[in-house]
Amino acid sequence: MNKVHFDKHRCKGCGMCVLFCPQKILRMSADLNDQGFSYPEVSDPDRCTACGMCFRMCPDCAIQVDKEGVKTSDKKETTDVME
Amino acid sequence: MLTLKRTDVLTDACTHYCPGCGHGIAHRLVAEVIEELGIREKTIGIAPVGCAVLMYDYFNCDMTECAHGRPPAMATGIKRIQPDKIVFTYQGDGDLAAIGTAETIHAANRGENITVIFINNAIYGMTGGQMAPTTLTGMRSTTSQDGRGEHGEGPPLKVCELLSTLDGVCYLERTAVSTPKDVIATKRAIKKAFQNQIDGKGFSLVEVLSMCPTDWKLSTVQSVDFVNNEMKEAFPLGVYKDKG
């Protein structure tokens, strides 16, 4: 399954990922992290397409995106890691 | 499975930048380009004075810090002594376009084979929101409270247009980090600027329009809109010079 991982300790709660998610499935948490910021959560994980927009717009590199079913030939950038 | 994740060229340190600041995105793009080109072991970065003054803590390559505005001069020295190294400077508008204007123009005019990443957020961030040379006409800051231009401050300084008249310059492009499309374009521009240096083509500068929600006194969403609507109008995006 496509999956977005948030490193909530690194997050500063700017909300760029929520703003740019094309599927609009992200929301800010009610809880606060250690730094005192609310952090993003996925409200509907099944609808995530792993497009990587949140990863690209996160100023704190707090997001990792796993995309299932991708062939090595689909790799666009060498920093995209195949596992 | 395909994974998009943080590159090893960035350290694990949390940055000190404000929420919504564009520096973090620009750092990631520079780090990814260094990884993709496989030049981490021979790259020397030069940190500016300004918000990015602590960037040597965030990069896993050789970094140095330099007097305010002087990174192009220091890069000139490093590159001439060690021509096999890849030297880049990362500067804000106060560093590159105010106190360091002379160093920038002369390094560009000499055609030094270096890469300059110029972050333009139209304000002095670290010192608390004073007017920068790149502050937009009519924009309020703590030192232009009636809006720039009302008291003889003049119009904003357009660095790409200014440098495009110099023969020594190889590549100039202005991009932004306010939308995913712009972020992808910025990465391509930064990669080209580094490739130019590897190929020995000469001075390359990428100007990146960036958000400063704290000193603009705006929310993240409003600051993204400000870049897209106001800054892109005053500073048109595009390639200003490309000698190929």
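Just so it is clear: chains get the letters A, B, ... in the order the sequence lines come, proteins before strands, and each one is counted from 1.
Within the 4.5 Å cutoff, the side chain of B/Asp12 has heavy atoms near those of the A/Arg10 side chain.
The most heavy-atom pairs under 4.5 Å with chain A, out of B/Leu10, B/Thr179, B/Val177, B/Val9, come from B/Thr179. Residue with the most contacts toward chain B among A/Met53, A/Gln35, A/Lys12, A/His5: A/Lys12 (heavy-atom pairs, distance under 4.5 Å).
Residue-environment remark: NZ (B/Lys181) stays at or below the threshold of 12 foreign heavy atoms within 6.0 Å. Around NZ of B/Lys243, the count of heavy atoms belonging to other residues, nucleotides or ligands within 6.0 Å exceeds 12. Under a cut-off of 6.0 angstrom, the local environment of CZ in B/Arg40 is crowded, with over 12 non-hydrogen atoms contributed by other residues, nucleotides or ligands.
Rounded to the nearest 0.5 angstrom, A/Asp7 CG and B/Arg6 CZ are separated by 8.5 Å. Taken from CD1 in A/Ile63 to NZ in B/Lys5, the straight-line distance is 15.5 Å, to the nearest 0.5 Å. Taking SG of A/Cys54 as the start and CG of B/Leu4 as the end, the distance is 8.5 Å to the nearest 0.5 Å.
Side chain of B/Thr220 to backbone of A/Cys14: a donor-acceptor contact under 3.5 angstrom is found.
For a heavy-atom cut-off of 4.5 Å, chain A lies close to B/Cys14, B/Thr15, B/His16, B/Tyr17, B/Cys18, B/Pro19, B/Gly20, B/Cys21, B/Gly24 in residues 14-24 of chain B.
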Practice task
Please test A/Val65 against B/Thr3 for side chain to side chain contact (heavy atoms under 4.5 Å, CB included), starting from the C-alpha separation and ending with a verdict.
Solution key: CA-CA 6 Å; A/Val65 180; B/Thr3 302; over 6 Å; no
Practice task
Would you check, one step at a time, whether the test side chain to side chain contact (heavy atoms under 4.5 Å, CB included) holds for A/Met16 with B/Ile25?
Solution key: CA-CA 11 Å; A/Met16 294 280 266; B/Ile25 303 173; 4.2 Å; yes
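In this structure, the portion of B/Ser178 lying under 4.5 Å from any heavy atom of chain A is its backbone and not its side chain. Only the side chain of B/Val183 comes within contact range of chain A, judged by heavy atoms closer than 4.5 Å. Residue B/Asp182 does not touch chain A at all, counting heavy-atom pairs closer than 4.5 Å. In this structure, chain A has no heavy atom under 4.5 Å from any part of B/Leu29. Proximity to chain B (any heavy atom under 4.5 Å) is shown, for A/Cys11, by neither the backbone nor the side chain.
Under the 6.0 Å distance and 45° angle rule, B/Arg28 counts as a cation-pi partner of A/Phe55.
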